[in-house]
Asker: 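Take a look at the following structure, please.
Indexing begins at 1, ligand by ligand and atom by atom, following the structure's order. Keep in mind the model is a prediction, meaning the values are calculated, not measured.
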Amino acid sequence: MKDKDLEKRVAELNKLLHEYAHAYYVLDNPLVPDAVYDQLMQELMAIEKEHPELIYPDSPTQRVGGKPLEGFNKVTHRYPMLSLSNAFNEEDLRDFDRKIRQAIGDKYNYVCELKIDGLAISLRYENGIFVQGATRGDGTVGEDITVNLKTIKDIPLRLKEPVTIEVRGEAYMPKRSFLELNMEREENGEDLFANPRNAAAGSLRQLDSKITASRNLATFIYGIGGDGEAYGIDSHAEMLDYLESLGFRVNKERTLCETIDDVLAFIKKWTTERPNLPYEIDGIVVKVNRFAHQEELGTTVKSPRWAIAYKFPAEEAIT
Ligand SMILES: NC(=O)c1cc2c(N)ncc(C(N)=O)c2s1
């Protein structure tokens, strides 16, 4: 094939494989059979092997890194990753709601989301290209685990818009993958992971990204670092839709709640439904929806006044 045609084919393969991967891993809705996807990936890998100068930095072939790292570099988050204050019962939630009402009157609503029991991560994109990923660490300084995060197939290497943005989310291990991993470790006489959260953390902090790649991790993205209004959005609900439109995997169980009673109903529903989810959740996150209200309420030193995490009562570990 002539060089010009080769460049065209490489561009076409990158575009197709990004689109098919997004449909499969993010939307859980494959556009082509696995065999077709694999054949296109093989074709691109063959061309890149012959012509390394045609390898795009965000080529789907660049997900599994090279040699293991010696250690992790530190990353200072541009915007601190705040933690959430906790609520353990209905009274705590009604206290939270009362404080909101006293501060901003009664024209507000909430967004409720499932609190994913994984590892908080921050992903940085420049002009739409994934450039760096880090753990939360102490909220200000985390560890650079970019090469490991690149192995997670639902993390887009290229966004649908060329924006520069820092997003937050949770990396987790699905329940089924956790059970399969522990069965394998038991057969090999290795220590078992106590729960999916520890398994996800252990998998992401591997110095060899090939091990991370084998652990079937996934993500849900749920926030933007810094000023969300910079992207022309003015509520949490709109922000989640915007993140989804960029190509991130955003949990679909998010719900607008007009009153704290709606919040309590949402919590009741997921207390019952929780065992049927394919991933672990340890609570429900409740956030005041409009950014103007969030700004009015502000944050304490460590956590926002406009959000709270209802924690489910501790349950016995998966044995
Ligand atoms: N520490 C935090 O700020 C959060 C932690 C989590 C979590 N583990 N899962 C979901 C959300 C969410 N949808 O907002 C948040 S927010």
Asker: Please determine if Lys8 and Asp5 form a salt bridge, counting it only when a charged side-chain N lies under 4.0 Å from a carboxylate O.
Answerer: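 Salt bridge: no.
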Asker: Does Leu114 have a non-hydrogen atom less than 4.0 Å from ligand 1?
Answerer: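 So Leu114 counts as touching ligand 1.
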Asker: Tell me which protein heavy atom sits closest to atom 1 (N) of ligand 1, plus the residue, atom name and distance to 0.1 Å.
Answerer: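 Atom 1 (N) of ligand 1 sits closest to the protein heavy atom Leu82 O, 3.7 Å.
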Asker: Looking at Leu297 and Ile100, what are the two nearest heavy atoms and their distance?
Answerer: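 What the structure gives for the nearest pair is CD1-CD1, 3.9 Å.
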Asker: Only one of Asp262, Asp97, Thr255 forms a side chain to side chain donor-acceptor pair (under 3.5 Å) with Tyr110, so which one is it?
Answerer: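 The residue from Asp262, Asp97, Thr255 that satisfies side chain to side chain donor-acceptor pair (under 3.5 Å) with Tyr110 turns out to be Asp97.
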Asker: Is it true that Lys15 and Glu12 have a side-chain N and a carboxylate O under 4.0 angstrom from each other?
Answerer: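 Salt bridge absent between Lys15 and Glu12.
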Asker: Got the closest protein heavy atom to atom 13 (N) of ligand 1, with its distance?
Answerer: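 Protein heavy atom with the smallest distance to atom 13 (N) of ligand 1: Glu113 OE1, 2.8 Å.
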Asker: Please identify which atoms of ligand 1 are closer than 4.0 Å to at least one heavy atom of Glu170.
Answerer: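 Reading through ligand 1 atom by atom, the close ones are 7 (C), 8 (N).
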Asker: Can you list the ligand 1 atoms lying under 4.0 Å from a non-hydrogen atom of Lys287?
Answerer: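 Ligand 1 atoms under the 4.0 Å threshold to Lys287: 14 (O), 16 (S).
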Asker: Is any side-chain N of the basic residue among Lys311 and Asp92 closer than 4.0 Å to the acidic one's carboxylate O?
Answerer: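 Asp92 and Lys311: not salt-bridged.
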Asker: Looking only at protein heavy atoms, identify the closest one to atom 2 (C) of ligand 1 and say how far it is in Å.
Answerer: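 It is Leu84 CG, 3.5 Å.
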Asker: Specify the protein heavy atom at minimum distance from atom 15 (C) of ligand 1: its residue, its atom name, and the distance to 0.1 Å.
Answerer: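 Result: Tyr222 CZ, 3.4 Å.
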Asker: So which protein heavy atom does atom 8 (N) of ligand 1 come closest to, and at what separation?
Answerer: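 Answer, as residue, atom name and distance: Ile116 O, 2.9 Å.
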Asker: Could you tell me whether Glu113 and Arg254 have a side-chain N and a carboxylate O separated by less than 4.0 Å?
Answerer: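 Here Glu113 does not pair with Arg254 in a salt bridge, since their nearest N and O are not under 4.0 Å apart.
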Asker: Is a salt bridge present between Glu7 and Lys4, judged by a nitrogen-to-oxygen distance below 4.0 Å?
Answerer: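 Salt bridge flag = yes for Lys4 with Glu7.
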Asker: Going by the order shown, which atoms of ligand 1 are within less than 4.0 Å of some heavy atom of Val285?
Answerer: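 Counting from 1, the qualifying ligand atoms are 11 (C), 12 (C), 14 (O), 15 (C).
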